[in-house]
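Heads up: the structure comes next, in structure tokens.
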Amino acid sequence: MTQAIVDTGPLIIQSDHTFMLETAHPRYADCRDFLASFAELVKSPEFIHTYRVTPLSMWNAAALEMSFDDIGKGLERFSRYTLPANVITDMREWHDLYGRLVLEKVSPTHLRLRVLDEVLLPRIGQIAEVNRFFGDSTADGWLIASGQRGDLKQALIKAGYPIKDICGYDAGAPLEIDLRDIDLDGQAFTLRDYQQDAVDAFYQGGRSTGGSGIIVLPCGSGKTIIGIGTAARISGHTLIITTNNVSVHQWRDELLAKTDLVADTIGEYTGLEKTVKPVTITTYQMLTHRRSKTAPMRNLAIFNHNSWGLIIYDEVHLLPAPVFRATTAIQAKRRLGLTATLVREDGKEDDVFALIGPKRYDVPWKTLENRGFIAEAVCTEYRIPLPREEEIRYARETKRRRYRVAAENPLKIELARELIDLHTEDHILVIGQYISQLEAIAEVLGHPLITGKTKHAEREKLYARFKSGDLRILIVSKVANFAVDLPDANVMIQISGTYGSRQEEAQRLGRILRPHDRRSCFYTLVSKGTDEQNFALNRQLFLVEQGYKYHIRYY
DNA sequence: TATCAGGTAA
DNA sequence: AAAAATACCTGATA
């Protein structure tokens, strides 16, 4: 089939639902921002970026009330050729599917699944994994026992059908929470406009479906504040689940600083202290902990311990499987997921969609950068040749072990030294994946190293010196991925990372994005022509999607 | 009572 | 597919 050239737009739409975007095109940036709202970047070599639309990406767009007309018009505007009819048809079908299946409440014990499409109705009725939840038939659907709300949604999404859930939520036990105008440090405090918008978008949602879903915002843009704002808006008992104990304390401190809650209403439920209060903060590990492989996870009972009006899932992309399972049973509670990147390398995005909810709000990183809320950053990928000896080892190793050989390229130490010398005034973090490699770097370059083994007292000492400027260079292991108390830096040198993790790359860049007067620099060091280079490409996808450009240099 | 090492889990 | 980090619990030490 030949296609007529319509104009010289930057986008080529292919019939397999992938899009190719020409990066040198003058309208590249506009088109990239347009695609970000409903497509996923899958490849980003220098000149042509490849995107993919999936049912899930279209449902998230539909849940954000993005109309298909706008998407279709945008595609026409950017497309080089006439649009392939099958792609547009599929996209429209996926988009329109969201909202065709509606779950509503009919009584305290029963819900009704309505299928607003005569063709779809019998098809849904025939899916065995789904129809086992069906009770009596109604004119356009079935009755469902209230307790099956989560299981049904999860089963349907696995079968390829998203439900729009308008059953509403338990109010939960009330608790007056008011935001302070002046925080505990005496600083004026109000929500920034986008934070307020996020709270509103979550609370109201699209018409009647609000009250559960995900808010996607970069690190450092105030996700905790949005959580607190939401808790204040709902003013009910609140359970907050986060990743580690330091983060538990940070949530508590922020709640005390920014709301009128007193210490006595806030409880921590961790290994150190187990109190359940109207506002309770706990960790994923606490919830999933068990004494032995076969013992039950007793702490999951906390979901029903209080009459929660809101449950906040911090860093929702890390939510473990058992917490998903527990979440199916509490679909009547308001649920807020917070994350910087919706992507999970384990592919459980559909469970997040079904059980926590669709995306309710996001802001592109570059928008926040332009408005000065996060720092400007220049990203550079250095490609370094493998020395002869390592080259041979690399060639000999099995596929799975050669990554490490490439990652531990000894020349990286030399380049790191040169980069450090380049930044005489900056606060620099050198981050890597392998302890032995980091120990070698610390030894050769003579800077302190923090790993998981470093005692907390020692860490805090080093953090304090780094913060005061007494110490300018710190070498860190994966501890820095989630160390909430790590002070701000403006230069990061990434020696190695966890394979292709987009999440990790975003998290690490986020480390140097606190606003400051000088520009931030992010360097990522990879061995040229190895698997590491391919993994690096995958790591960068999310940030490229967000408008970051990686400059390539050769060493 | 507090702290630390060692084992286990995911 | 493998390495590292974390947090839980228990029991010993001071």
Side-chain angles (χ1 to χ4, degrees), chain A residues 240-251 268-275 280-302 314-327 344-348 351 393-394 397-409 429-442 449-460 462-463 474-486 494-501 503-505 507-508 511 530-532 534-535 538-539:
Chain A
I240 300 163
I241 317 168
T242 185
T243 51
N244 60 44
N245 288 334
V246 180
S247 175
V248 167
H249 287 131
Q250 186 168 288
W251 273 94
E268 290 173 34
Y269 195 76
T270 64
L272 308 166
E273 195 194 329
K274 288 186 184 48
T275 50
T280 299
I281 314 163
T282 185
T283 65
Y284 290 114
Q285 297 206 15
M286 188 68 205
L287 293 187
T288 55
H289 180 264
R290 47 169 120 186
R291 296 191 166 190
S292 71
K293 268 193 173 149
T294 50
M297 296 181 188
R298 295 177 312 168
N299 292 332
L300 285 170
I302 198 172
D314 194 14
E315 311 288 1
V316 71
H317 55 276
L318 297 172
L319 192 152
V323 179
F324 271 124
R325 258 172 266 133
T327 301
R344 297 175 60 111
E345 306 301 337
D346 68 359
K348 286 203 189 295
D351 279 330
R393 272 180 60 211
Y394 181 84
E397 279 297 359
T398 57
K399 196 153 173 47
R400 67 177 96 124
R401 279 199 295 184
R402 51 158 73 150
Y403 176 79
R404 182 160 186 166
V405 176
E408 294 192 304
N409 185 344
L429 291 172
V430 180
I431 192 164
Q433 144 107 326
Y434 301 106
I435 301 296
S436 52
Q437 180 184 32
L438 292 170
E439 281 167 347
I441 293 177
L449 165 70
I450 299 180
T451 72
K453 292 199 289 280
T454 313
K455 299 243 162 60
H456 281 266
E458 176 69 10
R459 291 186 206 190
E460 273 160 39
L462 289 169
Y463 290 159
L474 209 48
I475 301 173
V476 289
S477 69
K478 284 175 82 160
V479 280
N481 284 12
F482 290 101
V484 201
D485 45 357
L486 181 66
Q494 178 171 250
I495 302 288
S496 52
T498 312
Y499 303 92
S501 172
Q503 171 62 44
E504 185 177 76
E505 189 95 343
Q507 203 89 31
R508 289 179 171 181
R511 280 272 168 235
T530 66
D531 290 351
E532 192 187 25
N534 299 328
F535 280 121
N538 194 68
R539 294 172 65 81

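Numbers restart at 1 for each chain; the letters A, B, ... are given by sequence-line order, proteins then strands.
The phosphate of C:dC9 (OP1 or OP2) has no side-chain N or O of A:Arg298 nearer than 4.0 angstrom. Taking 4.0 angstrom as the limit, A:Lys453 places none of its side-chain polar atoms (N or O) nearer than this to OP1 or OP2 of B:dA5.
Nucleic acid contact class of A:Arg290 (heavy atoms, under 4.0 Å, all strands): sugar-phosphate only. Using a 4.0 Å heavy-atom cutoff across all strands shown, A:Asn481 reaches no nucleic acid atom at all. In this structure, A:Tyr499 reaches the bases: a heavy-atom distance under 4.0 Å links it to at least one base atom across the strands shown. Using a 4.0 Å heavy-atom cutoff across all strands shown, A:Thr498 reaches no nucleic acid atom at all.
Under the 3.5 Å distance criterion, with hydrogens and angles disregarded, a donor-acceptor pair is assigned to the side chains of A:Thr498 and A:Glu504.
In the set C:dC8, C:dT6, B:dA5, C:dC8 carries the atom at the smallest distance from any side-chain atom of A:Thr283. When distances run from any side-chain atom of A:Arg404 to the nucleotides C:dA3, B:dA9, C:dA1, the shortest one goes to C:dA3. When each of C:dT6, C:dA4, C:dA7 is scored by its nearest atom to the side-chain atoms of A:Asn245, the top-ranked nucleotide is C:dA7. Out of C:dA7, C:dC9, C:dA5, the shortest distance to the side chain of A:Gln285 is found at C:dA7. Side chain of A:Ser477, nearest nucleotide from C:dA5, C:dT6, C:dA4: C:dA5.
In this structure, A:Glu408 places its CD atom 9 Å from P of C:dA4, rounding to the nearest Å. The distance from atom CZ of A:Arg459 to atom P of C:dA5 is 9 Å, rounded to the nearest whole Å. Going from atom CG of A:Asn299 over to atom P of C:dA7 covers 15 Å, rounded to whole Å. Regarding A:Leu449, its CG atom lies at a distance of 13 Å from the C1' atom of C:dA4, rounded to whole Å. Atom CZ of A:Arg401 is separated from atom C1' of C:dA3 by 14 Å (rounded to the nearest Å). Spacing between atom CD of A:Glu315 and atom P of C:dA5 amounts to 18 Å, rounded to whole angstrom units. A:Arg291 has its CZ atom 14 Å from the C1' atom of B:dA9, to the nearest Å. A:Ile241 has its CD1 atom 14 Å from the P atom of C:dC8, to the nearest Å.
Closest heavy-atom contact between A:Asp531 and A:Lys399: OD2-NZ, 3.8 Å. The minimum heavy-atom distance between A:Thr454 and A:Thr451, with the atom names listed, is OG1-N, 2.9 Å.
Mapped onto DNA chain B by nearest heavy atom, A:Pro322 and A:His289 fall at different nucleotides, with A:His289 at the one closer to the 5' end. Sequence order on DNA chain C of the closest nucleotides to A:Gln433 and A:Met286 puts A:Gln433 first from the 5' end.
Distance check: A:Gln433 CD to A:Tyr403 OH gives 6.0 Å after rounding to the nearest 0.5 Å.
For the pairing with A:Leu462, the side-chain contact (heavy atoms from CB on, under 4.5 Å) check across A:Arg459, A:Glu460, A:Glu458 returns one residue only, A:Glu458.
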